[in-house]
Amino acid sequence: MTRRIVRTAIQVTAAAIFTFIVVFFLDRNFRVLPNALHEYLPSHHAGSVITDITITKCSTLNLFSSCKLDPDLWHRIEKDLYLGKGIVSSAYIHVRRKKEEELTSEDKVVVDVTVGRLNPNTNEKAKDSTEERWESRPAGLWIKRSSKKSASDSKNAVTAIDVLFGEDAVEARDNWAITGTSLLLDSGSKIPAAHVTVRRGIPPAPVRPTPRINENGRFKIVQLADLHLSTGVGHCRDSLPADWNGGKCEADIRTLDFVHKILEEEKPDLVVLSGDQVNGETAPDTQTAIFKYAHLLIEHKIPYVSIFGNHDDEGSLTRAAQMDLIETLPYSLSRAGPEDIDGVGNYYIEVLGRGSSGHSALTIYLLDTHAYSPNERKFKGYDWLKRNQIEWFRNTAQSLKKNHKEYTHIHLDVAFIHIPLPEYRNPNLTYVGDWKEPPTAPVYNSGFRDALVEEGISMVSCGHDHVNEYCGLSRTEDHKPALWMCYAGGAGFGGYAGYGGFHRKIRVFDFDMNEGRVTTWKRVEYGENVNKKLDLLMLVDAGRPVAPPEE
C-alpha cells in the first residue's frame, strides 16, 4: 500500500512538472496565460512596453513644424538632439508605450533598434513576409517590431530608450547599449553627435560591493578631483607640454587615459570623486559626462563615492537629479543623504574589518560644500558648510563611536569635501607639497574644522583649487598635531591649470590598519616623475595625526 502511494505521488509530481514546462513553453511563444499572471513570471517586463519610436524636427522658420505629438499617445524624451545649439532647429525622440494588458492583436512591440544610412533589411537574409522587418524612421533611425504575443516577455524586448552625446559617449548602465551610428542630423561639427542608447529587458540590481579591509590589513583610496568632463571630448586648458600629441589635446580623452593608468597601477579599493566631475558650462548633457567616469570605474570593478563641486550642476541636471542617477549605477556607493539638511551628498560609508568581520575599521565622511556664496555683499566668493550639516556630522560621529570601539584594532575616521575650509589658507600650517594659488575657501567660517578635530577626524581632503597639491597640518593651541588638510591636485584637462605651469595630479591614500597608519602620495600625468610617488608623507600613525619627520 505504501509503495503504491509513493509511486502515485511520483507520477503526479512528474505530470505536474511536465505540464508546467509545456504551459511555460506555450505561453512564452503564444501567451496562453492571462496577462495578470505574467506579473509573477521572472522573465516578464513589468509595466509598459514600447510599441513605436519616432523623431520629430521643428524649426523657428517653419510655423507649421512641431516637436510635439499627442501626449496621450507619445512620451517625449526631453533632450533636444541639437542640445539647444541649433540656430533655428530642434529635434526630439518620442516613444509610444502601452500597458501589456491593453495590447491588442493590432499592436506590435519594438524588439530591436539601430541607426544608419543603409537599409538593414538588405544586409539580412530573405525572410518570410510574416517575420519582422526593419521599419524606417527619421534621422536614420530603424526599428524592428513584432506582433508575436510573446514579444513583450522576450529578453530582446526594448524596454527603454535614451540619448547620449559625443563620439566618445559610453553607456554605464546594466542592460543598456549604444546602437548603430549617430543620428543623421544636419547639426554640423560644433554640436556633439546624438547617439541612441537602448535597454533590453529588466536590468539586474546594480552591484554594490561592501568595502572591506584586505587580508593584509591594507586599504587604498584614490581621490579624483576636478575631472571637469564635458559633453563631447572637451577642450584642454593650460595643458603641458603644449606640443603633446602634435598639439591636439582632447581634454576628456587625456583625462580618462590618466585616470585609467593610475587605476591600473595603484589598484585602489575605493575611488572618491571629490567634486567638479562635470564641467557644467561645456556639458549641456550632464548624463553623458557622468557616464564617462562611471564606465571607467565599473570596467575596473572599483566601488566609488562622489560629492559635488561648484560646477557639477551648471549643466542640464541639478544635484538631486544627478545623485538620483548616480545611485542607480553599478559599483556606486554614493547617496543623497538626509533630505532635511542643506546640500545633496551628506553621508558616510563604513569600511569593514578584514575577513568576515562585521565591525567598521574605517569611516569615510562626505559632505556637500555647495557652490557660491548666498550673501555676496557680505561674504564674497564661495559657500560654506551650514550649521545643520555640522550638527548632522557631530551627531552621526558620536552615534557611531560605541560600535567603533568594538573593532579590535585602531578605528580611523577621515573626511572628503570639495571647497577647502578657511583654515587651508593659514600661512602657519606645516605643509608638504606645492601651494601655487591662493586657497579660495569661503570667507565665512562656520566652524567645521573644529568639529572635525573634536570628533577625532584625522584627515580631510578637498579639491577645487586645481594647482594646489599640498597637505597642511593644523595644530592645537598647544602646538600638537590636530588635523591634516590635503588638496588632491586637479586631474582634469577641462579645467584651468595655470599659475606657473602645473602637471595634472591624482592623490592616493594608503591605510595600514595593522598600525592605524595613513600614508599619502601623488601621481603625476606627465614628465620625468610619472612613475614615482611624489611627496610621500605619513599623515596618521597609531590613529593620530603626526608631524612630518623633519621637525
Side-chain angles (χ1 to χ4, degrees), residues 223 225-226 272-278 280 305-314 318-320 322-323 335-348 364-398 413-429 431 435 437-466 468 470-475 482-488 490 495:
Q223 180 185 356
D226 300 275
V272 173
L273 296 138
S274 60
D276 282 358
Q277 287 77 249
V278 178
V305 291
S306 59
I307 49 179
F308 299 118
N310 52 295
H311 291 296
D312 286 290
D313 57 357
E314 293 175 344
T318 65
R319 275 165 149 75
Q322 288 182 58
M323 192 60 85
R335 298 199 298 270
E339 294 183 0
D340 58 346
I341 66 172
D342 289 291
V344 177
N346 301 292
Y347 63 107
Y348 69 94
I364 302 167
Y365 294 93
L366 301 111
L367 290 96
D368 183 3
T369 51
H370 315 290
Y372 305 100
S373 173
N375 188 345
E376 189 66 27
R377 275 189 173 184
K378 189 173 182 180
F379 304 109
K380 291 185 177 181
Y382 292 95
D383 207 344
W384 50 87
L385 283 153
K386 302 300 189 293
R387 179 173 296 179
N388 61 10
Q389 291 178 277
I390 298 174
E391 289 176 356
W392 168 83
F393 162 72
R394 285 187 182 277
N395 293 337
T396 301
Q398 290 169 13
D413 299 88
V414 298
F416 290 90
I417 53 179
H418 178 69
I419 297 174
L421 304 175
E423 287 80 4
Y424 269 76
R425 55 172 168 252
N426 183 347
N428 296 321
L429 291 177
Y431 68 91
W435 179 327
E437 64 175 306
T440 55
V443 173
Y444 178 74
N445 193 333
S446 59
F448 188 52
R449 178 267 180 196
D450 293 343
L452 290 170
V453 172
E454 290 165 13
E455 298 305 329
I457 308 300
S458 55
M459 179 275 296
V460 61
S461 191
C462 73
H464 189 58
D465 297 329
H466 299 182
N468 283 339
Y470 62 85
C471 284
L473 178 61
S474 178
R475 297 177 182 270
L483 175 72
W484 276 103
M485 302 184 298
C486 293
Y487 274 109

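This is a predicted model, so every value here is computed, not measured.
When every heavy atom of Gly463 is checked against every heavy atom of Pro420, the shortest pair comes out as O-CD, 4.2 Å. Nearest approach of Pro442 to Pro422, heavy atoms of both residues: O-CG, 3.6 Å. Annotation for Ala482 and Arg449: closest pair CB-NH2, 3.8 Å, computed over non-hydrogen atoms. Across every non-hydrogen atom of Val443 and Lys380, the tightest pair is CG2-O, 3.2 Å. When all heavy atoms of Asn346 and Pro338 are compared, the pair lying nearest together is O-CD, 3.2 Å.
For the pairing with Phe393, the ring-ring contact (aromatic ring centres under 6.0 Å, His included) check across Tyr347, Phe448, Tyr348 returns one residue only, Phe448.
A heavy-atom distance below 4.5 Å is found between the side chains of Val272 and Leu366. No side-chain heavy atom of Leu385 sits less than 4.5 Å from a side-chain heavy atom of Ile419. Contact of the His418 side chain with the Asp226 side chain is registered, since non-hydrogen atoms from C-beta on lie closer than 4.5 Å. Between Asn395 and Trp392, the closest side-chain pair of non-hydrogen atoms is not below 4.5 Å. Considering only heavy atoms from C-beta on, Leu273 stays 4.5 Å or farther from Ile307 through its side chain. Side-chain contact between Ser474 and Asn426 is absent, with no heavy-atom pair separated by less than 4.5 Å. In this structure, Tyr470 and Pro439 have side chains that are in contact, with non-hydrogen atoms separated by less than 4.5 Å. Taking 4.5 Å as the limit, some side-chain heavy atom of Val460 sits within range of a side-chain heavy atom of Leu483.
Taking the centre of each ring, Tyr487 and His466 stay at or above the 6.0 Å mark. Taking the ring centroids of Tyr372 and Tyr382, they lie under the 6.0 Å cut-off.
Asp383 and Ser373 are not linked by any side-chain donor-acceptor pair at a separation below 3.5 angstrom, with hydrogens and angles left out of the test. Side-chain N/O atoms of Gln223 and Ser461 include a donor and acceptor closer than 3.5 Å. In this model, no donor atom of one side chain and acceptor atom of the other lie less than 3.5 Å apart for Asp276 and His464. Looking at Asn445 and Glu423, their side chains do bring a donor and an acceptor atom within 3.5 Å of each other. With 3.5 Å as the limit, one finds no donor-acceptor pair spanning the side chains of Ser446 and Arg387.
Listed for the Arg425 side chain is a donor-acceptor partner under 3.5 Å among the backbone atoms of Ala441. In this structure, the side chain of Gln389 engages the main chain of Lys386 through a donor-acceptor pair within 3.5 Å. Although no hydrogens or angles enter the test, the distance criterion places no donor-acceptor pair under 3.5 Å between the side chain of Asp465 and the main chain of Asn468. Side-chain atoms of Trp435 come within 3.5 Å of backbone atoms of Glu437 as a donor-acceptor pair (strictly under, hydrogens ignored). Listed for the Asp312 side chain is a donor-acceptor partner under 3.5 Å among the backbone atoms of Gly309.
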(request) Show your working on side-chain contact (heavy atoms from CB on, under 4.5 Å) between Glu454 and Arg394 and close with a plain yes or no. (result) CA-CA 9 Å; Glu454 290 165 13; Arg394 285 187 182 277; 2.7 Å; yes
(request) Starting from the C-alpha separation in whole Å, work towards a yes-or-no answer on side-chain contact (heavy atoms from CB on, under 4.5 Å) for Ile364 and Phe416. (result) CA-CA 8 Å; Ile364 302 167; Phe416 290 90; 3.7 Å; yes
(message) Applying side-chain contact (heavy atoms from CB on, under 4.5 Å) to Leu421 and Trp384, what does each step give before you reach the verdict?
(response) CA-CA 8 Å; Leu421 304 175; Trp384 50 87; over 6 Å; no
(request) Take Phe308 and Val344, measure what side-chain contact (heavy atoms from CB on, under 4.5 Å) needs, and give me the verdict at the end. (result) CA-CA 8 Å; Phe308 299 118; Val344 177; 4.0 Å; yes
(message) The test is side-chain hydrogen bond (donor to acceptor under 3.5 Å, both in side chains); show your working for His370 and Asp342 and say whether it passes.
(response) CA-CA 9 Å; His370 315 290; Asp342 289 291; 5.9 Å; no
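Salt bridge present: Asp368 and Arg319 bring a charged side-chain N and a carboxylate O closer than 4.0 Å.
Between Cys462 and Cys486, the two SG sulfurs stay at or beyond 2.5 Å from each other.
More than 12 heavy atoms of other residues, nucleotides or ligands lie within 6.0 Å of CD in Glu376, so this atom counts as buried by the packing criterion.
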